[in-house]
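Below: the structure, in structure tokens.
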Amino acid sequence: MTILLLYGVLSCGIECFVVFPSFVLQERLEADKDMNRCLEALRREIHYLDEFVHDWAAWDDAYDFVQNTNMDFIRSNLVHTTFIDNRLNLVMLLDLDGHVLWKKMLDLETGLELNITELPDDRIPMSHAFMAHTKDIESSVAGVYATEKGPLLVASRPVIRSLHHGPAKGYLVMGRFLNERYMKTLKGQTKVDHRYWLSQDMSMPDESRSIFERLQKNPGPVFEEQDKNMLFVYDVFKGLTDSSDLIIRAEIPRQIMKYAMNTMFFVLISTVLAGFILLLVMFFLLNRVVIDPLGKLTARVVSLGDSKQALSPLFLNRNDEIGILCGEFQTLFNKLTQVHENLKQTNLRLNHEIRERKSYEEELQSQRTRLRHLTYKLLLTEERERRRLASDLHDQISQNLAICQLKLSMLKESWTPVNKSRAGEIKEIEDKLEEIIQETRTLTFEISPPILYELGLKPALEWLLENTFRESGIEMLLEGDLEEDRLDNSLSILIFRTVRELLHNIIKHANASKTTVCLSQEAHFFEIRVTDNGVGFDPEKQYKNIGFGLFSIRERFSSIGGKFLVLSESGAGTRAILRVPYISHGLT
């Protein structure tokens, strides 16, 4: 076994440290050649553009235009088709001081003219990259220039005579954008899938940006293994300015590594087959010595697991490792059996306790539900008593007081002038009787406002807000609307009493100057929001220090399937939300 292991380690070592690195080196050499083709293609395009600009700049017509600005030259030569046929995005004619004599920048795809901040319309500074010419009339400035529209391949030449005679009178600048369409042309030329980014391009991936920073410090190609099928190669193409440097990424399919992996796979298979044959020989030799006794031991262990009672120990007469192992398994089985019995008893006790706890929880929930329904019925019973008392006050006491007031008035008119000395006392009794009648009417509305039963919930809320405003001076607003026929009397009573209780809380605690009651309707529920601009409270203590009034409101609404929620922030007021489903409870 040791020899087989050493043989496998040696084979893997040769493959990993000798064979595989040679394939990696070959792959990177080929990738470096592909990157050089990409760089050379870009240099070639710049060279062709420079030669093209040189042909145009060494032209008598262009020379005359720079001297006298004759627009016939422009109309005859620099027309729209000139840009399209020669794939030009930029043409500029400058004098020796950098003043722009004529400029046109065109988007070849849309046909619209462009204007970028890097190339002003009036004058190009002498420090600009386009103006870095020598005194030689064959001077050339060509390369990549960064613009807000992307990288621009640009060439600048002095404008001279057709026979290449000087002196130069100006400069001709032409450029092409290195866009996606141009990239397809370069990819077709190099047969390499690659792309370019400017150093300040925000669309550059983060990993490419970090590699660009490394290339600026240490020039040369950088290789990045994207996955097992693709290798990325990075390099930098220097531009006319530091910000115009291009990072180039070539995507190289890893065909060499694919062949390497296949080769190593076949070597590995051959090693495994050789080892397998060796293992067969070793297995045949060791079968009678080790495997048969271990098989019997395994069968005994399995039988111990399936048996409900302990079996007789195996191999008691053996003092080797197998006999010792068998004895230890027997001991462990006995201990596990005891632990199993203990766990079984504990599980039975836990199941019994869980059933009892669930029973207690169900009983508690049932009592809580009954308490909520009793609370709701108590509210309705209280309301019926209020309504009965209000009816008695209105039908008996108020009417009797009104009759007394009428008879007192008739008695006063029937008195003779002799008895008019008592008129002041009669007037005082009459005023007091009027005050008692008004107080009785007010008490009737306080106990059970008839407007709630006669006109509905919304008029009752309007009356409540108006009355609360007169008592407290707090501005009260009612917003929204509702369909009265979708609420039965019990829900209307519950909502009215709840809103009145919330308003009383606002008056006592909120220190507010404005309160809004908003009514809204949804498909299956009715919602009331009571909002104030008062002092509010700490939301972390909302349910720790909640008062009995808010607690009782929450329980009432829970009993009918509704919801009650209080939201508040210290110094930002309070908002109470009541949500009531459209259901009839059969209560009047």
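None of these values were measured; they are calculated from a predicted model. The first residue in the sequence is number 1, and the count goes up from there. Reckoned from all heavy atoms, side chains included, excluding hydrogens, waters and symmetry mates.
Residues Leu49 and Leu153 share a closest heavy-atom pair of CD2-O, 3.2 Å. Between Leu152 and Gly175, the shortest heavy-atom distance links the atoms CD1-C, 3.9 Å. For Ile46 against Ala142, the heavy-atom pair with the smallest separation is CG2-CB, 3.7 Å. Shown here for Val159 and Leu93, the closest heavy-atom pair between the two residues is CG2-CD2, 4.4 Å. For the residue pair His194 and Ala250, the shortest heavy atom distance occurs at CB-CA, 3.8 Å.
Ion pairing of Arg254 with Glu27 is present here, as a side-chain N (NZ or NE/NH1/NH2) and a carboxylate O approach within less than 4.0 Å. The pair Arg195-Glu251 does not count as a salt bridge, with every side-chain nitrogen at least 4.0 angstrom from each carboxylate oxygen. Here Glu30 does not pair with Arg28 in a salt bridge; the nearest charged N to carboxylate O distance is not below 4.0 Å. Here Lys187 pairs with Asp193 in a salt bridge; the nearest charged N to carboxylate O distance falls below 4.0 Å. Salt bridge absent: Asp95 and Arg123 never bring a charged side-chain N and a carboxylate O closer than 4.0 Å. Between Lys358 and Glu361 there is no salt bridge, since no side-chain nitrogen of the basic residue lies less than 4.0 Å from a carboxylate oxygen of the acidic one.
Of the candidates Asp235, Leu178, Val236, Leu246 forms a side-chain contact (heavy atoms from CB on, under 4.5 Å) with just one, namely Leu178.
The side-chain tip of Lys149 does not point at the ring of Phe177 from less than 6.0 angstrom away and within 45° of straight on. Judged by the 6.0 Å and 45° rule, Arg87 forms a cation-pi pair with Tyr182.
Atom CE of Met261 has 12 or fewer neighbouring heavy atoms from other residues, nucleotides or ligands inside a 6.0 Å radius.
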Inset, instruction - Check the pair Gln521, Glu527 against side-chain hydrogen bond (donor to acceptor under 3.5 Å, both in side chains), reporting the backbone distance first and the verdict last. - result: CA-CA 6 Å; Gln521 296 182 138; Glu527 186 174 274; over 6 Å; no
Inset, instruction - Check step by step if side-chain contact (heavy atoms from CB on, under 4.5 Å) holds for His99 and Asp122. - result: CA-CA 6 Å; His99 293 94; Asp122 51 354; over 6 Å; no
Inset, instruction - Start with the C-alpha gap between Tyr145 and Phe130, add the side-chain angles, then the distance that decides, and say whether ring pair (Phe, Tyr, Trp, His ring centres under 6.0 Å) holds. - result: CA-CA 9 Å; Tyr145 183 71; Phe130 296 172; 5.0 Å; yes
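No donor-acceptor pair closer than 3.5 Å links the side chain of Asn86 to the backbone N or O of Leu88. For the pair Asn77 (side chain) and Phe73 (backbone), a donor-acceptor distance under 3.5 Å is present.
With 3.5 Å as the limit, one finds a donor-acceptor pair spanning the side chains of Ser208 and Tyr234. A donor-acceptor pair shorter than 3.5 Å cannot be found between the side chains of His165 and Tyr63. The closest side-chain donor-acceptor pair between Asn533 and Ser513 falls under 3.5 angstrom. Side-chain contact annotation: Ser156 with His133, donor-acceptor N/O pair under 3.5 Å present. Judged by distance alone, the side chains of Glu138 and His54 do bring a donor and an acceptor atom under 3.5 Å apart. For the 3.5 Å distance criterion, the side chains of Asp50 and Ser140 qualify, holding a donor opposite an acceptor. Looking at Glu475 and Thr515, their side chains never bring a donor and an acceptor atom within 3.5 Å of each other.
Using a 4.5 Å cut-off on side-chain heavy atoms (C-beta onward), Leu94 and Leu101 make no contact.
Taking the six-membered ring where the residue is Trp, Phe52 and Trp56 present tilted rings, their angle falling between 30° and 60°.
Note that CG of Leu172 is 10.5 Å distant from CZ of Arg157, once rounded to the nearest 0.5 Å. The line from CG of Asp34 to CG of Leu29 is 11.0 Å long, rounded to the nearest 0.5 Å.
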